[in-house]
*Asks:* 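Let me give you the structure first, and then I'll get to my questions.
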There are 2 protein chains.
Amino acid sequence: MVYTRHVKAQRSNSRNEALLEAAAHRFAVQGFRATSMRDIARAVGMLPGSIYYHFPSKDDLLLAIYQAGVEQITAEFEAAVEPLDDPWDQLEAGMAALVLAVTEESAYTRVIFKVMPDEVPKHRKKLVAFRDLFEANIRDLVERLPLQPWVDKHLLRLMILGAGNHAQLWFSAEGDYSADEIGRAFSRYLKDSVSK
Amino acid sequence: MVYTRHVKAQRSNSRNEALLEAAAHRFAVQGFRATSMRDIARAVGMLPGSIYYHFPSKDDLLLAIYQAGVEQITAEFEAAVEPLDDPWDQLEAGMAALVLAVTEESAYTRVIFKVMPDEVPKHRKKLVAFRDLFEANIRDLVERLPLQPWVDKHLLRLMILGAGNHAQLWFSAEGDYSADEIGRAFSRYLKDSVSK
DNA sequence: TGACTAACCAAACAAATGTTTGGTTTACTA
DNA sequence: TAGTAAACCAAACATTTGTTTGGTTAGTCA
């Protein structure tokens with residue numbers, strides 16, 4: 001019984017991940033509504049109805065992707081920031097990690113910035129909560145910066161997020177800039193203005 | 001004959017604008033795909049099929065909105081920037097105009113930043129062209145800034161656009177900031193860093 | 001008045017959508 | 001080897017979608 005469950009979990013996880021990967025890729029490229037269950041099924045080589053053996057609905061598919069995406073980007077973000085001591089070095093590394101997350105090949109993180117919570121009313125609150133979970137990292141990062149007194153930390157955080165988020169629209173893997181270059185450039189464009 | 005056409009144009013324009021206004025509002029709030037022709041029809045008080053007397057398709061509706069939006073935002077942008085002499089004052093006013101455009105009540109301009117060209121393959125090229133038409137204004141604005149030699153004008157322009165664009169996601173009309181405040185704050189956060 | 005047309009209605013259509021249902025295969029276990 | 005359950009197929013279902021078609025109304029013009 002227990003052993004049987006273990007085997008099931010293993011098998012299920014294998015196809016589960018393939019499904020999540022394929023769905024995430026489509027969601028990141030085409031968006032949520034423009035991606036049909038038939039698209040996803042075709043990508044993993046099964047029939048549309050078969051997806052419902054693994055996930056109860058399309059909405060829940062996105063929810064799972066959101067969760068995986070937040071876990072991944074948070075891990076990447078912390079790995080890039082925590083080793084550094086200087087807050088401005090942290091900003092530089094953090095923005096680089098952000099731009100990387102919205103442009104990298106792995107689609108889980110990209111979905112978070114491509115698909116907005118309003119598109120899935122059923123899970124809107126949960127999706128917002130997931131986003132907040134990540135954005136708290138940026139909030140903390142800004143909080144540690146020694147800023148001029150006239151700088152609004154709230155607005156600065158939203159500016160950082162917006163600049164990074166927007167990169168997904170124009171970033172090209174074969175382009176002139178790497179995600180790292182972009183993130184670090186953005187942080188340089190801010191530092192001397194707002195720094196104390 | 002000519003007179004008849006004139007009358008037709010007048011009448012048609014009246015309902016035409018009502019349709020565009022309603023469609024733009026829905027597109028700006030819910031997005032393109034999430035808005036059905038039935039939604040739009042209900043908003044203007046007619047049946048879905050009747051829309052096709054005024055516009056040949058849903059895609060063409062968006063195209064017309066895009067055009068109107070670009071004309072409006074370009075006009076607003078130039079009206080805000082041209083009277084000013086100092087390039088940095090122009091940046092401040094330009095970013096304020098940008099944030100206003102993505103958040104203001106009139107929905108035409110908001111649609112441009114909400115609905116991406118890829119969502120309407122039929123008119124993708126034309127939509128991109130319309131966007132470029134506006135973005136050229138920001139390009140010119142950045143071009144006039146006296147910048148440090150290490151500043152990449154291309155990246156700076158995209159950062160400005162991203163920060164402004166992103167405001168549509170969190171701006172609240174009853175919130176703590178006006179569109180003007182936000183835009184001017186953003187420009188301040190950049191100026192001293194990149195200025196020569 | 002009578003013809004004409006702009007503007008709309010009423011109803012349907014074909015296609016695509018998310019999802020359900022019942023059956024079938026495959027592999028492991030007792 | 002018989003049985004069990006995971007994993008999937010095959011086919012349909014109900015709904016929503018953009019759109020079309022033929023008819024109707026109201027106002028204009030000669």
Side-chain angles (χ1 to χ4, degrees), chain A residues 1-24 26-27 29-65 115 119-124, chain B residues 1-24 26-27 30-65 115 118-124:
Chain A
M1 178 90 146
V2 172
Y3 181 63
T4 303
R5 279 215 188 139
H6 180 61
V7 171
K8 180 217 164 177
Q10 268 190 331
R11 281 192 195 153
S12 183
N13 275 346
S14 162
R15 298 300 278 162
N16 240 300
E17 277 182 29
L19 265 172
L20 288 176
E21 198 91 35
R26 295 285 178 176
F27 290 163
V29 172
Q30 317 176 359
F32 181 70
R33 297 190 75 107
T35 301
S36 71
M37 294 299 267
R38 285 165 179 80
D39 288 338
I40 300 169
R42 195 180 313 117
V44 298
M46 62 170 67
L47 293 184
S50 303
I51 300 179
Y52 290 82
Y53 176 79
H54 301 275
F55 295 92
S57 74
K58 188 188 179 187
D59 293 348
D60 289 292
L61 239 178
L62 180 76
L63 188 64
I65 292 172
V115 181
E119 297 186 48
V120 190
K122 179 184 173 187
H123 293 318
R124 203 190 95 251
Chain B
M1 177 90 146
V2 172
Y3 180 63
T4 303
R5 278 215 189 140
H6 179 62
V7 171
K8 180 216 165 180
Q10 269 191 330
R11 279 193 196 153
S12 183
N13 275 347
S14 163
R15 297 301 278 162
N16 242 300
E17 277 182 29
L19 266 172
L20 288 176
E21 197 91 35
R26 295 285 178 176
F27 289 164
Q30 317 176 0
F32 181 69
R33 297 190 76 107
T35 301
S36 71
M37 295 298 268
R38 285 165 178 82
D39 287 338
I40 301 170
R42 195 180 313 118
V44 297
M46 62 171 64
L47 293 185
S50 304
I51 300 178
Y52 290 81
Y53 176 79
H54 301 275
F55 294 92
S57 74
K58 188 188 178 188
D59 293 348
D60 289 292
L61 239 178
L62 180 76
L63 188 64
I65 291 171
V115 181
D118 296 311
E119 297 185 48
V120 190
K122 179 184 174 186
H123 293 320
R124 202 190 94 251

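Please read these numbers as outputs of a predicted model, since none were measured by experiment. Convention: sequence-line order gives letters A, B, ...; per-chain numbering from 1.
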*Asks:* Run the side chain to side chain contact (heavy atoms under 4.5 Å, CB included) check on H54(B) and L61(B) step by step: do they pass?
*Replies:* CA-CA 9 Å; H54(B) 301 275; L61(B) 239 178; over 6 Å; no
*Asks:* Please examine the side chains of D118(B) and Q30(A), heavy atoms only from C-beta on, and report whether any two atoms are closer than 4.5 Å.
*Replies:*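 Side chain of Q30(A) against side chain of D118(B), heavy atoms only: no contact under 4.5 Å found.
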*Asks:* How many whole angstroms separate atom OH of Y53(B) from atom P of dA7(C)?
*Replies:*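 Y53(B) atom OH is separated from dA7(C) atom P by 4 Å.
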*Asks:* Is any side-chain N or O of R15(A) closer than 4.0 Å to OP1 or OP2 of dC8(D)?
*Replies:*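 Indeed, a polar side-chain atom of R15(A) lies that close.
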*Asks:* Measure from CZ on F32(B) to P on dT17(D) and round the result to the nearest Å.
*Replies:*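 The distance from CZ of F32(B) to P of dT17(D) comes to 13 Å, rounded to the nearest Å.
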*Asks:* Would you give a per-nucleotide map of nucleotides 11-16 of chain D, 5' to 3', where B means the base has a protein non-hydrogen atom under 4.0 Å away, S means only the sugar-phosphate does, and - means neither?
*Replies:* -B----
*Asks:* Between atom OH in Y52(B) and atom P in dC13(C), what is the gap in whole Å?
*Replies:*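 Computing the Y52(B):OH to dC13(C):P distance gives 17 Å.
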*Asks:* Kindly compute the distance separating CE (M37(B)) from CG (L47(B)), expressed to the nearest 0.5 Å.
*Replies:*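 Output value for this atom pair is 12.5 Å.
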*Asks:* dT17(D) P sits how many Å from R26(B) CZ, rounded?
*Replies:*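 My rounded result for the distance is 12 Å.
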*Asks:* Within this structure, what is the CG-to-P distance between N16(B) and dA7(C), rounded to whole angstrom?
*Replies:*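 Rounded to whole Å, this separation is 9 Å.
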*Asks:* Within 45° of the axis and under 6.0 Å from the centre of the six-membered ring of F27(B), does NZ or CZ of K58(B) qualify?
*Replies:*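 Checked: cation-pi criterion not met.
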*Asks:* With heavy-atom distances below 4.5 Å as the criterion, would you say the side chains of L62(B) and E119(B) are in contact?
*Replies:*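 The answer is no, as the side chains (C-beta and beyond) never meet within the 4.5 Å cut-off.
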*Asks:* Whole Å only: how far is the CD atom of E119(A) from the C1' atom of dT17(C)?
*Replies:*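 For the pair E119(A) CD and dT17(C) C1', the rounded distance is 16 Å.
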*Asks:* Between R33(B) and dG18(D), is there a contact of a side-chain N or O with OP1 or OP2 at under 4.0 Å?
*Replies:*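 The answer is no; no side-chain N or O of R33(B) sits under 4.0 Å from OP1 or OP2.
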*Asks:* Find out whether I65(B) and V115(B) are in side-chain contact, i.e. whether some heavy atom of one side chain is under 4.5 Å from a heavy atom of the other.
*Replies:*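 Not touching, per the 4.5 Å side-chain cut-off.
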*Asks:* So, for A43(A) and A22(A), which heavy atoms are closest and what is the spacing to 0.1 Å?
*Replies:*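 In this case the closest contact between A43(A) and A22(A) is CB-CB, 3.9 Å.
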*Asks:* Looking at H54(A), does any N or O in its side chain come under 4.0 Å of the phosphate oxygens OP1/OP2 on dA6(D)?
*Replies:*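 The answer is no; no side-chain N or O of H54(A) sits under 4.0 Å from OP1 or OP2.
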*Asks:* Any sub-3.5 Å donor-acceptor pair from R15(A)'s side-chain atoms to V44(A)'s backbone N or O?
*Replies:*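 Yes; at least one donor-acceptor contact below 3.5 Å.
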*Asks:* With a 4.5 Å heavy-atom cut-off, do D59(B) and F32(B) have their side chains touching?
*Replies:*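 Yes, close enough: below the 4.5 Å cut-off.
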*Asks:* Which nucleotide, dT19(D), dT19(C), dC9(C), lies nearest any side-chain atom of M46(B)?
*Replies:*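 Among the listed nucleotides, the one closest to the side chain of M46(B) is dC9(C).
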*Asks:* Return the 5'-most residue of the pair P56(A), D39(A) with respect to DNA chain C, ranking by each residue's nearest nucleotide.
*Replies:*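 Looking at DNA chain C, the more 5' nearest nucleotide goes with D39(A).
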*Asks:* Check whether any side-chain nitrogen or oxygen of S50(A) sits under 4.0 Å from OP1 or OP2 of dC9(D), and answer yes or no.
*Replies:*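 Affirmative; the distance criterion is met.
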*Asks:* Round to a whole Å and report the spacing from CG of L61(A) to P of dG18(C).
*Replies:*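 It works out to 11 Å between those atoms.
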*Asks:* Bend angle of the helix from dA15(C)-dT16(D) to dA30(C)-dT1(D) from five-pair axes at both ends, rounded to 10°?
*Replies:*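 One end's axis against the other's: 20°.
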*Asks:* In whole Å, I'd like the distance from the NZ atom of K58(B) to the C1' atom of dA15(C).
*Replies:*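 Taking atom C1' of dA15(C) as the reference, NZ of K58(B) is at 15 Å.
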